[in-house]
There are 2 protein chains.
Amino acid sequence: MAQKVKLSTIAEELGVSTATVSLALRDSPLVADITRDRIKTAARELGYIYNRRAASLRTSRSGIVGVCVHDVMNPFFGEILKYVEHELDRRRQTFILSNHYDDLSKQRAFVDTLLQLGADGLILSPAIGTPAEDIRLAEGNDLPTVLIARTIEGSGVCGFRGDDAFGMALAVDHLIAEGHREIAMVGGTPLTSTGRDRAAGWRSALRKAGIEPKPEWRIEGPRSRDTGFEAGQSFAQMNNRPSAVVCFSDMVALGFMYGLARSGLTPGVDVAVVGYDDIAEAKIAMPSLTTVSNGQAEVGHRAAGALLDRLAGNPASDETVLIKPVLKVRDSSHFAGELRKRIEA
Amino acid sequence: MAQKVKLSTIAEELGVSTATVSLALRDSPLVADITRDRIKTAARELGYIYNRRAASLRTSRSGIVGVCVHDVMNPFFGEILKYVEHELDRRRQTFILSNHYDDLSKQRAFVDTLLQLGADGLILSPAIGTPAEDIRLAEGNDLPTVLIARTIEGSGVCGFRGDDAFGMALAVDHLIAEGHREIAMVGGTPLTSTGRDRAAGWRSALRKAGIEPKPEWRIEGPRSRDTGFEAGQSFAQMNNRPSAVVCFSDMVALGFMYGLARSGLTPGVDVAVVGYDDIAEAKIAMPSLTTVSNGQAEVGHRAAGALLDRLAGNPASDETVLIKPVLKVRDSSHFAGELRKRIEA
DNA sequence: CTGAAAGCGCTTACAG
DNA sequence: CTGAAAGCGCTTACAG
């Protein structure tokens, strides 16, 4: 390729200074209209490419925002990110994405890269085991951070997530209203705030209804479609199988229903199933999946908004915003209830 | 936060030059072992953060690779990206991801950003309508490009994708062997190479078996689970419904099966269904989905490898590598065949 | 093995 | 409204 075109190339071409070119290209009112137009035309004709590294070195603003979550392929995160992406696009920020797969060292390597690139901010759904210290380190190195989906005690930064305990209680209350008394919870781990809070919501909703959850009703672990599938197959073999389950997530629930079906049971009839998140697939699944809407749109929008606010110089908040979940009743939990009522009648 | 620590801070602290510090931190053999150790220790203690913008401005190497696909949330791309990610991680390259949603202007904005950041390379699954000129422009501005999943005539760069026509023919041949004579194809668009090639494979496999595909057997459009679902519902209402369908992708097939089931048909029994891609979900779906393995691992690995090769200074190739697909027979196509044979017997 | 100096391509006071 | 000059934090010949 030919010689690289830079500000000074344009400046020489037109017989003006690089300062004027720089100002003109960014529409500074300091530059006369005619000059600006001449400069912009020349830039276009010469195929000028703005060098953001140089600019960023000078201004210490990079226009880069890092986003790091467990796994983008998980629709729950994918849906949140769509909204984050939309918001950042509008503000002309470049976003760099990384999965951490709950591997702390991968997350740290990513944060390091962001610091090296002089990123302007970070939106993070922290990996299991992330110490508050890691967040403070990022903040201490001028990397404003906003948490999503999971939060960390004492991190001192703001975060957005659903009210997990409340949402899971909605699911359990619904199943109780449908006539169930034995309700298992499948999936999740006490290692994340999400896992702890949802399990707590399940447990306390049962107790409030006077039902003491049996230890074997709490099936920890699954957090993916695959492992949900395995859990569904095991569940089908279980002695004294509960009549209903709430799942840690829709992914788990959808896999669980596949697993039940593979074992010859009909989800929604033999076992009532409720998911969590209300991802797009829930509505079209067979049977359609009763679930708890977890506010992906709101989390994504507000997290991006909060970060952009801080970048604009507004004061930081350290508040965790809990978004109210909403129960979506569909066939996976409702068929069974209907049948039960008919039998009892 | 305190004063920013830079090379010169360390240099002053230890009474050496910044040149020595720079060399030491990158393990140059020019620096004495003791000096290097002292420097590295000081860097750690002072909390030094390497400024990649400054380095990159000087060296014109950024360590950044851009990746742009239709949508990361689509497991087909997600799976490819996992392998790309793995390969780039190993080589300590930072990767910047973007969806283009088949919007050419979004793709262009992303390529522009990469040029501005001085990215070292681009892995692209081009948006519908991408002119070869766009690729040449990137290459002309020192952004080596490798294509995945879709290719572009006359782009002059190398690409990796499955052999779509061959793969779809495998699927059709299988259904014919199962006894089907009326086989529809659901989904895909002639606007992409993938869509054209798969439809061509379907059509020519039918003709080779002496079957002339009826126009109404080609149901164009769906490329997602949602639209596959709608297609499944419409298909259920169709007069003279074919006994089998091949789908543009697993996502379409999985949605299609949901749609059939929602309409009261049993996928795999009332209608044989074959997908394309062999994403992880295919194996656990109900019924398990017969599909064509599309080499996501190989595409991801080899595309990343080819790009890294070029970055290492090896000569560019302009070859499109076609990866051989493999048929995976499962229940969604096999039940129906079994039943048919029994009925005929 | 180490240091002094130039330069990557911008932006930003400052002066006019 | 425009220009001359310094400086962001590195790396790289070059000299010693």
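Any value given below was found using the heavy atoms of this structure, including those in side chains, with hydrogens, waters and symmetry copies removed. Throughout, a chain's letter reflects where its sequence line sits, starting with A, and its residues are numbered from 1.
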Closest-nucleotide 5' rank along DNA chain C - winner of B:Leu57 and B:Leu30: B:Leu30
Phosphate OP1/OP2 of C:dT12 contacted by A:Arg58 side-chain N/O (<4.0 Å): no
Interatomic distance, B:Ile34 CD1 vs C:dT2 C1' [rounded to whole Å]: 14 Å
B:Thr20 vs C:dT2: side-chain N/O to OP1/OP2 distance below 4.0 Å: no
Complementary nucleotide for D:dG16 - Watson-Crick or wobble, under 3.5 Å: C:dC1
Chi angles and distances behind the side chain to side chain contact (heavy atoms under 4.5 Å, CB included) call for A:Thr94, A:Arg52: CA-CA 11 Å; A:Thr94 299; A:Arg52 269 163 71 162; 2.9 Å; yes
Geometric class of the B:His86/B:His301 ring pair [parallel <30°, tilted 30-60°, perpendicular >60°]: perpendicular
Whole-Å gap separating C1' (C:dC10) and CG (B:Leu117): 14 Å
Atom-pair distance (CD on B:Glu12; C1' on C:dG3), nearest Å: 14 Å
Residues A:Glu85, B:Lys106: salt bridge by 4.0 Å N-O rule: yes
Touch class at under 4.0 angstrom, heavy-atom based, for A:Thr35 against every strand present: sugar-phosphate
Separation of D:dT12 P from B:Leu7 CG (nearest whole Å): 12 Å
B:Thr59 vs D:dT11: side-chain N/O to OP1/OP2 distance below 4.0 Å: no
B:Ser22 side chain, from C-beta outward: closest of D:dT2, D:dG9, D:dT12: D:dT12
CD/A:Gln116: more than 12 non-hydrogen atoms of other groups inside 6.0 Å: yes
Nucleotide D:dT12, atom C1' - distance to CZ of B:Arg61 in whole Å: 16 Å
Touch class at under 4.0 angstrom, heavy-atom based, for B:Arg52 against every strand present: nothing
Proximity to the side chain of A:Lys4 - top-ranked nucleotide from D:dT12, C:dG9, D:dT11: C:dG9
A:Arg53 and B:Ser62: side chain donor to acceptor below 3.5 Å: no
Nearest listed nucleotide, side chain of B:Ala32, among D:dT11, C:dC1, C:dG9: C:dC1
Whole-Å distance separating the CD1 atom of B:Ile39 from the P atom of C:dC1: 13 Å
Sugar-phosphate, base or nothing in reach of A:Gly15, heavy atoms under 4.0 Å: sugar-phosphate
Whole-Å gap separating C1' (C:dT11) and CG (A:Asn51): 12 Å
First encountered from the 5' end of DNA chain C, between A:Ile49 and B:Pro29: B:Pro29
Sugar-phosphate, base or nothing in reach of B:Arg53, heavy atoms under 4.0 Å: nothing
d(CG, B:Leu23; C1', D:dC10) in whole Å: 12 Å
Heavy atoms of other groups near A:Phe76 CZ, more than 12 under 6.0 Å: yes
Phosphate OP1/OP2 of D:dT2: any A:Ser17 side-chain N/O under 4.0 Å: no
Sugar-phosphate only, base, or nothing, as touched by A:Ala19 at under 4.0 Å among non-hydrogen atoms: base
